[in-house]
Amino acid sequence: MKLAVVLGGGGLKGFAHIGVLRALEERGIRPSIWAGTSIGALIAAAYLGGTPLDELEQRADDLRQGDLFRIDHIGMVTRRMRNTSLYLGEPLRKLIEAIVPEGTFEAWGVPLLVNTVNLEQGEQVVFGLPGLRDASVRDAVYASCALPGFFPPGPVGDFTCVDGGVMDNVPARAASYGMDAVLAVDVGSSSIAIQRRIYKKGFAAIYQRSAQAMMHSLQHAQLSLWDGPPMVLARPRVWHFSWFAFGRAPQFREAGYEAALQAIDVLPDALAAGAGVWPKRQVELAVDEGKCTGCTICAAAAPQVMRMNARGKAEPRLPVQLWSRADGWWVHQCPTDAIDVTVFEGSERRQSRQLEAVEE
């Protein structure tokens, strides 16, 4: 079986990927290709570059805010609005240099893809693909982690690049060619927990929240159109944490480990089906007409699932459906939370208007 493993971006929640790697090792699974965005690219590059999992775990446990975020005071004073970022890039580069060896993708000779965005042309650039293997792995990883506004853009060969999550936070498409299946791990763009009074938490929090909303929308749009090889979508239970929740590395790793084991168990079903996004679960949809305003958002976003009835209220075309974690993203769009989703897990029923039960 040719398997692609794709590790998505999500700030420190990406430490869940270390647990994913541990699960793959224990099950004896050797992916044919690895792809990553942001911290997913960092962890994949460190692992393929020879950094042991035990060392990755220890470094994750020891990482503190001051090791990564240092405000560029001089740049903010001397260049003001022309400064490239809020934080200095050197601490991030030193972190990368400590765990990712020198060399180009060609020299490494490993099947690694690092997702970035060419800032000047506004295009996705995936280093490690044919024709893009002469680049420095370290430079590509830095650029993939360089969230605009937080860290300076990074030069990679002739390109000036930033975080690949700007366009594709879980770059499954780039890794899927010639593969029998894709195992995609999404830690940063699935469910979005409600954050009250976000406007009082400052520029960084507002920008981070806006970027998360953008990635959330882009990711669900891409997954809803997935027509590649069968994909098993793993979503570790880290959605309710912020991107930069320091001190949670052991918890994130455990969540990644559990999600990976569940995903591995689903792989045979996905391969047998030959297409689609897995796992799939039975759900039941209902609309609280007392809350429904008849805004038509759900019917417009998912006309194959929802419609407007004679009373001008939304209703499901079929109350019981079979959904993957890529389905139902439009439920969040309801401005009054009028849509109820009940997920059936064997004999268990879980109800969630915010869809965590479906998306996890």
Side-chain angles (χ1 to χ4, degrees), residues 3-10 13-14 16-17 20 33-38 40-41 113 115 117 124 126 163-177 179-192 211-239 256 259-260 262-263 266-267 269-271 273-283 285 297-298 300-306 321-334 339 341 343 352 354-360:
L3 176 67
V5 171
V6 183
L7 307 180
K13 293 190 290 185
H17 295 318
V20 172
I33 194 167
W34 298 78
T37 293
S38 195
L113 306 179
N115 184 41
V117 169
Q124 184 178 19
V126 183
D163 192 333
V166 168
M167 296 186 74
D168 190 355
N169 203 39
V170 185
R173 182 71 65 186
S176 66
Y177 184 77
M179 296 293 109
D180 297 316
V182 175
L183 171 57
V185 186
D186 181 4
V187 296
S189 57
S190 54
S191 298
I192 299 182
Q212 186 182 18
M214 176 192 70
M215 293 176 186
H216 175 86
S217 179
L218 284 173
Q219 200 61 56
H220 279 294
Q222 291 163 351
L223 290 173
S224 67
L225 299 173
W226 180 256
D227 58 358
M231 174 194 292
V232 178
L233 181 60
R235 282 187 169 146
R237 295 176 63 88
V238 296
W239 58 268
Q262 294 170 7
V266 173
L267 267 174
D269 292 336
L271 287 166
V277 179
W278 296 77
K280 296 184 183 293
R281 290 170 286 185
Q282 182 175 300
V283 302
L285 303 177
I297 288 178
C298 61
Q304 72 281 11
V305 180
M306 302 296 290
Q321 310 233 348
L322 195 63
W323 277 5
S324 76
R325 288 170 174 148
D327 297 311
W329 58 272
W330 45 269
V331 172
H332 290 287
Q333 306 301 314
C334 179
I339 304 172
V341 181
V343 181
S352 174
Q354 291 299 318
L355 264 192
E356 285 84 18
V358 175
E359 294 183 339
E360 290 180 358

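Both backbone and side-chain heavy atoms feed into the values below; hydrogens, waters and symmetry mates do not.
Between S324 and W226 there is no side-chain heavy-atom pair separated by less than 4.5 Å. In this structure the side chain of I339 reaches within 4.5 angstrom of the side chain of W330, judged on heavy atoms.
Side chain of H17 to main chain of G9: no donor-acceptor pair is present (N/O by atom type, distance under 3.5 Å, no hydrogens or angles). A donor-acceptor distance shorter than 3.5 angstrom exists from the side chain of T37 to the backbone of D168, with no hydrogens or angles considered.
The side-chain contact (heavy atoms from CB on, under 4.5 Å) search around V117 returns V162, V166, M167, not counting sequence neighbours. Residues satisfying the side-chain contact (heavy atoms from CB on, under 4.5 Å) test with A300, not counting sequence neighbours, are none. With sequence neighbours excluded, the residues that form a side-chain contact (heavy atoms from CB on, under 4.5 Å) with A260 are V20, A23. By the side-chain contact (heavy atoms from CB on, under 4.5 Å) test, D269 is found to be paired with W278, residues two or more places apart in sequence or in another chain being considered.
The two residues A172 and V182 come nearest to each other via the heavy atoms CB-CG1, 4.1 Å. Taking every heavy atom of both residues into account, A174 and L113 meet most closely at O-CD1, 3.6 Å. The minimum heavy-atom distance between A234 and A263, with the atom names listed, is CB-CB, 4.1 Å. In plain terms, the two heavy atoms of A4 and A175 that are nearest each other are CB-O, 3.5 Å.
None of V266, L223, V6 except one satisfies the side chain to side chain contact (heavy atoms under 4.5 Å, CB included) rule with L233; the exception is L223.
With values rounded to the nearest 0.5 angstrom, L7 atom CG is found 12.0 Å from N115 atom CG. The CE atom of M306 lies 6.5 Å from the CG atom of L285; values are rounded to the nearest 0.5 Å. For the atom pair CG (N169) and CG (D163), the distance works out to 7.0 Å, reported to the nearest 0.5 Å. L183 CG to L3 CG: the interatomic distance, rounded to the nearest 0.5 Å, is 6.0 Å. Taken from CE in M231 to CZ in R325, the straight-line distance is 12.5 Å, to the nearest 0.5 Å.
For residues 217-228, every residue pair satisfying the salt bridge (charged side-chain N to carboxylate O under 4.0 Å, His left out) rule, not counting sequence neighbours, is listed here: R173-D227.
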